[in-house]
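Notes follow the structure.
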Amino acid sequence: MEDRGLREEVFRASVDRGLGRGTQADHDTRDVLVRIARLRAERATLLGYPHHAAYVHETSCAGGTDAVNEILSRLAAGAVPLAEQEADALRARLRTLDPGADLEPWDWQFLAAREAAESALDPEKLRPYLEFERVLHEGVLAAATALYGITFSERPELVGYTDQARVFEVREEDGSVLGAVVLDPYTRPTKKGGAWMTSIVDQSSLLGDQPLVTNTCNVPPPAPGSPSLMTWDNVITLFHEFGHDLHGLLSDVRYPSRSGTSVPRDFVEFPSQVNEIWAFQPSLIRRYARHHDTGEPLPEEWVDALVAQRQETAYRTLELLKAMLLDQAWHQTPLAALPADGKGVEEFEAAALERAGVAFPLVPPRYRSAYFHHIFGGGYAAGYYSYLWSEVMDADTVAWFTAQGTDEQPGGMTRAAGERFRRELLGRGGSIEAMETYRRFRGAEPDLRHLLARLGLGDEPAA
């Protein structure tokens, strides 16, 4: 968006949602969110907890509020300086376009997008190499076969819940049937946005049930006579959701209530985040990323750029961290210290970010309080940090897989490594305490330093 004034207008309309300002005067959520926070705090007090977060964290993988606060504070210490470095680079770029301008929050994404468009990571340059069917078969399914020995056969005679849904039978290496996955990849008018996995039938040796799971995405459907071309974000999402599918498909438990993804919230995203790493595996990229017309592989320098992209930007790290800290502020504050009504929301929010040391104005929280559906309308109250906790285990597991690599598979995408991950972790579901499952798989607690290195906040330790 070249018009800087229009960028500011759009930005403010976004970050002021729910505050009852301007054209959104009829959409003020502040009194409602304060009421929710106060009721949660009151319930926690009645149950003998100091605050709502203590009640939630007691049954999480983290095990307590102190552990959650420790990891958030360790990231906060380094996230702002990194964001300041990114801001300096963008500020210099802005001044080449507008010599009298200083960097504002509404400039950041515009400038970052311009940089991407001039590099090998331009989504429009990548799209012709990311044809859906090839990414699915030569990428997502091929990785699962290489790691776990399972194979996938489409069963067109089996009818899904929509004409677009496709059913794939899943078999073990010995040919026996393991289960099935229903793939629903394309957008349609009646479909909500986003992507998700669901379990229609939970695996259970008690009942003799084999798993039936779904994989739902929102990839643009192909035009008549043309293929469906994906963005790189679409590719990562497909690998991510299939990680959830594998958690359900490879479950090996007795009781259906303990099957697959029936694990704590701060553990459930871990297997799916691990599965994303195979999207960045150079040998696999060369298989699934080929031009849909010519069949030419993605240029090697582009492959290198995609692999390097695995390290997060400081912007994304800080915006997520701010949202996680806001969640904890609302749910670790005792009832008497919470705002009395909606008028105190913005002051409470600003004070919480200042206290945490992340009041860097150029990067807003991923979600401000007034539109933070995850914690006030969803199930993530005091638990939004779970994405980060899962990423700690994800980064540690990536280090483990890498250490299992061979000359043929330097990234560790081997049957031996996959079999251990399957038997010791994916297959256990919720039948064993989540962190005990992790320790059995890894032989140790997850090492936070692997995530810090990924975020640019430290050096990579030995695996």
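Just so it is clear, the structure is predicted and the values come from calculations on it, not from any experiment.
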For this session: Not counting sequence neighbours, list each pair that qualifies as a ring pair (Phe, Tyr, Trp, His ring centres under 6.0 Å) and has a residue in residues 139-190.
Result: F132-Y186, F152-F242
Exercise. Taking atom CZ of R415 and atom CD of Q404, what is their separation to the nearest 0.5 Å?
Worked result: 14.0 Å
Exercise. Can you tell me if N69 and Q332 form a side-chain donor-acceptor pair at under 3.5 Å?
Worked result: yes
Exercise. Going by distance alone, is a donor N or O of one side chain under 3.5 Å from an acceptor N or O of the other, for Q273 and E269?
Worked result: no
Exercise. Which residue pairs pass the salt bridge (charged side-chain N to carboxylate O under 4.0 Å, His left out) test with at least one member in residues 177-199, sequence neighbours excluded?
Worked result: D184-R188, D184-K191
Exercise. Do we see a donor-acceptor contact under 3.5 Å between the side chains of R40 and H331?
Worked result: yes
Exercise. Is the closest side-chain donor-acceptor distance between T214 and T198 under 3.5 Å?
Worked result: yes
For this session: Would you tell me whether D174 and S176 have side-chain atoms, one donor and one acceptor, within less than 3.5 Å of each other?
Result: yes
For this session: Please work out which of the three classes, parallel, tilted or perpendicular, describes the rings of F401 and W278, given edges at 30° and 60°.
Result: perpendicular
For this session: Please list, chain by chain and in numerical order, all residues satisfying side chain to side chain contact (heavy atoms under 4.5 Å, CB included) with S73, sequence neighbours excluded.
Result: none
Problem set entry | Residues H240 and E276: side-chain donor-acceptor under 3.5 angstrom | yes
For this session: Taking side chain to side chain contact (heavy atoms under 4.5 Å, CB included) as the test, write out the residues that go with P264, two or more places apart.
Result: C61, D266, F267, A434
For this session: Return yes if a side-chain donor-acceptor contact under 3.5 Å exists between D394 and T397, otherwise no.
Result: no
Exercise. Who pairs with E433 by side chain to side chain contact (heavy atoms under 4.5 Å, CB included), at least two apart in sequence or on another chain?
Worked result: M435, E436, R439
Problem set entry | Sequence-distant partners of D293, side-chain hydrogen bond (donor to acceptor under 3.5 Å, both in side chains), two or more places apart | none
